[in-house]
Undergrad: 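Quick one: structure below, then a few questions.
Chain naming here is simple, since letters A, B, ... match the order of the sequence lines and numbering starts at 1 in each. Hydrogens, waters and symmetry mates are skipped; everything else that's a heavy atom, side chains included, is used.
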Protein chains: 2
Amino acid sequence: MTLYMIGLGLNDEKDISLKGLEAVKKCKTIYLEKYTSILHCDIKKLEELYGKKVIIADRDMVESKAEDTILKDAAETDTAFLVVGDVFGATTHTDLMIRARKNNIKIQIINNASILNAVGITGLELYKFGKTTSIVFPQENWMPQTPYDVLRENQKMNLHTLCLLDIKVAEPSSEDLKKGINKIQKPRFMKISEAIDYLTKIEQKRKENIFTPETLCIGCARLGSENPTIIAGKAKDLIEKDFGEPLHCLIIPGKLHFIEEEALKFL
Amino acid sequence: MTLYMIGLGLNDEKDISLKGLEAVKKCKTIYLEKYTSILHCDIKKLEELYGKKVIIADRDMVESKAEDTILKDAAETDTAFLVVGDVFGATTHTDLMIRARKNNIKIQIINNASILNAVGITGLELYKFGKTTSIVFPQENWMPQTPYDVLRENQKMNLHTLCLLDIKVAEPSSEDLKKGINKIQKPRFMKISEAIDYLTKIEQKRKENIFTPETLCIGCARLGSENPTIIAGKAKDLIEKDFGEPLHCLIIPGKLHFIEEEALKFL
């Protein structure tokens with residue numbers, strides 16, 4: 001049978017495409033992956049729309065137990081695997097596709113919007129984004145400098161840098177895990193101010209003048225929804241702003257074309 | 001009133017989101033931009049679904065006459081501007097958004113899938129794509145080397161390169177234009193073999209060993225549809241393959257992660 005891997009888009013139950021909804025209605029079993037992003041509506045809204053129950057697939061199920069759940073179902077009957085945003089935002093979904101193919105399960109991809117193209121609303125040209133980077137919540141002795149390195153390389157080529165900000169959903173804390181405690185923490189979403197603080201701390205160590213209080217940034221919150229907040233300004237000013245509800249992301253523009261400059265005036 | 005800028009997705013009338021369709025049904029006037037990409041269904045299919053007439057917006061209307069058409073309508077009544085793929089694939093749409101804002105017209109963006117995220121089906125990690133480049137049909141004395149330069153820079157950083165291939169829809173030829181003849185040509189879509197030939201010709205001039213017959217490439221056709229063709233192989237082998245109907249694009253992968261390598265084995 002077929003495993004339908006379906007993007008839900010960025011906001012709520014109504015961002016699915018007509019084609020995606022048709023496929024969901026054909027499927028007997030429906031899984032929703034919601035640990036790499038968040039949906040801005042209750043799961044009940046999805047269930048009402050689909051007329052079916054939706055099973056939450058957590059990281060453990062997708063990465064370790066797919067053969068006993070998602071792939072087992074897909075071998076027997078049409079099965080949907082729903083992803084917030086587009087299907088291949090995360091490596092874990094590519095891995096699921098590979099495992100499905102190894103099991104001779106037919107795959108049908110139904111695409112949707114991703115944060116990677118929704119940033120176009122800023123007026124920055126999508127073709128001129130370099131490598132994308134993620135900023136994770138720093139831990140005691142662990143604060144990867146990768147985002148700083150990516151920014152430096154993109155800057156060299158005059159490219160824009162999109163920083164995706166960490167989310168922790170339904171995960172135990174690393175401190176608890178060390179103690180063998182598997183207690184689910186409250187969801188956490190990194191804010192733009194935290195991302196600016198992160199890059200500033202690395203700048204203070206590295207002193208390569210890559211990210212300073214004067215660096216032009218664009219903070220974006222809730223892209224793809226009806227009420228996004230998008231503000232352009234210097235890092236030292238943006239760090240003071242309240243962008244409201246998650247998800248947030250931070251863009252550090254490269255060299256600007258005059259149309260891009262004009263677009264930023266409206267932010 | 002509101003100008004709804006709505007992505008239609010990559011294939012046919014059913015790729016619009018439920019939210020996009022709701023917005024279209026609210027709008028009195030509906031424009032469709034179809035010169036930067038193509039829809040794989042007849043416009044009548046859209047009109048049947050919407051229950052409304054769809055006005056084709058050509059490049060001249062969007063770039064030079066928007067104030068007398070799209071923006072004039074949007075100032076008076078809810079108006080939809082439909083774009084194949086996602087809304088901000090092309091600079092011309094950013095420019096339309098800026099002009100709408102200058103005229104105090106409210107903008108609502110409804111995102112959809114773009115070729116920039118649909119390439120995720122190859123198994124290549126989307127975060128590891130560098131700058132995107134376009135390959136245009138070469139003309140007598142004009143064969144820009146930009147794609148080669150972009151590829152070189154992305155390779156230096158081990159990033160993947162996506163080459164979008166030229167389309168000519170409803171445009172007069174440059175030869176005719178020089179003679180003052182405005183005769184619309186038959187649509188033309190660049191094939192993967194033509195793109196490989198283009199890069200090979202630049203390599204022969206530049207000899208920097210950036211793109212050789214041995215270079216690993218991924219040719220993709222009709223991404224986002226139900227029958228995509230995706231083949232990975234050396235440039236010298238892919239140039240012989242028939243990828244069928246448009247649109248085509250060409251990916252030159254950078255350094256591969258082992259999950260990406262495994263995914264490519266299925267192509």
Undergrad: Taking the side chain as every heavy atom from C-beta outward, state whether B/Ile259 and A/Ile98 have any pair of such atoms under 4.5 Å apart.
TA: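 With C-beta onward as the side chain, the pair touches.
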Undergrad: Side-chain contact, heavy-atom cut-off 4.5 Å: A/Lys102 with B/Glu262?
TA: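 When only atoms from C-beta onward are counted, B/Glu262 and A/Lys102 do touch, with a gap below 4.5 Å.
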Undergrad: Counting heavy-atom pairs under 4.5 Å with chain B, which one of A/Glu125, A/Met97, A/Glu226, A/Lys128 comes out on top?
TA: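 Max contact count across the listed options: A/Glu226.
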Undergrad: If you count heavy-atom pairs under 4.5 Å with chain B, which of A/Thr94, A/Leu159, A/Asn11, A/Ile16 comes out on top?
TA: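 Most pairs with chain B among the choices: A/Ile16.
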Undergrad: Do B/Met157 and A/Asn154 have side-chain heavy atoms sitting under 4.5 Å apart?
TA: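 Counting from C-beta outward, B/Met157 and A/Asn154 do come under 4.5 Å.
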Undergrad: Picking from A/Gln108, A/Lys14, A/Arg101, which has the most non-hydrogen pairs under 4.5 angstrom with chain B?
TA: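 Top option by heavy-atom pairs under 4.5 Å: A/Lys14.
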Undergrad: Please find the pair of heavy atoms, one from A/Ile109 and one from B/Ile121, that lie closest to each other, and give the distance.
TA: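 What the structure gives for the nearest pair is CG1-CD1, 3.6 Å.
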Undergrad: Checking heavy atoms, do the side chain of A/Leu116, its backbone, both or neither come under 4.5 Å from chain B?
TA: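 Only the side chain of A/Leu116 comes within 4.5 Å of chain B.
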Undergrad: Under 4.5 Å heavy-atom distance to chain B, tell me which part of A/Leu164 shows up: side chain, backbone, both or neither.
TA: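 Just the side chain, heavy atoms under 4.5 Å.
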Undergrad: To the closest 0.5 Å, what do you measure between OG (B/Ser114) and CG (A/Asp86)?
TA: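 Here the rounded value is 9.0 Å.
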Undergrad: What part of B/Glu22 gets closer than 4.5 Å to chain A, counting heavy atoms only: side chain, backbone, both or neither?
TA: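 For B/Glu22, side-chain heavy atoms alone lie under 4.5 Å from chain A.
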Undergrad: At a 4.5 Å cut-off on heavy atoms, which part of A/Leu124 comes close to chain B: side chain, backbone, both, or neither?
TA: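 For A/Leu124, neither part sits under 4.5 Å from chain B.
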Undergrad: What residue, out of A/Gly224, A/Gly7, A/Gly89, has the most heavy-atom pairs lying under 4.5 Å from chain B?
TA: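 Most heavy-atom pairs under 4.5 Å with chain B: A/Gly89.
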Undergrad: Please classify the contact between A/Ser134 and chain B as side chain, backbone, both or neither, with a heavy-atom cut-off of under 4.5 Å.
TA: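 Only the side chain of A/Ser134 comes within 4.5 Å of chain B.
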Undergrad: Which heavy atom of A/Asn112 sits nearest a heavy atom of B/Asn117, and at what distance?
TA: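 Nearest pair, atom of A/Asn112 first, then B/Asn117: O-ND2, 2.8 Å.
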Undergrad: Report which part of A/Phe129 has an atom under 4.5 Å of a heavy atom belonging to chain B: side chain, backbone, both, or neither.
TA: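 Backbone only.
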Undergrad: Keeping the roles fixed (side chain from B/Asn111, backbone from A/Leu10), state whether a donor-acceptor pair exists under 3.5 Å.
TA: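 No, because the side chain of B/Asn111 does not come within donor-acceptor range (under 3.5 Å) of the backbone of A/Leu10.
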Undergrad: Ignoring hydrogens and angles, tell me if any N or O in the side chain of B/Asp15 forms a donor-acceptor pair with the backbone of A/Lys19 under 3.5 Å.
TA: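 Such a contact is absent between B/Asp15 side chain and A/Lys19 backbone.
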Undergrad: Given that the side chain runs from C-beta out, which part of A/Leu21 has a heavy atom under 4.5 Å from chain B: side chain, backbone, both or neither?
TA: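 Looking at A/Leu21, just its side chain touches chain B.
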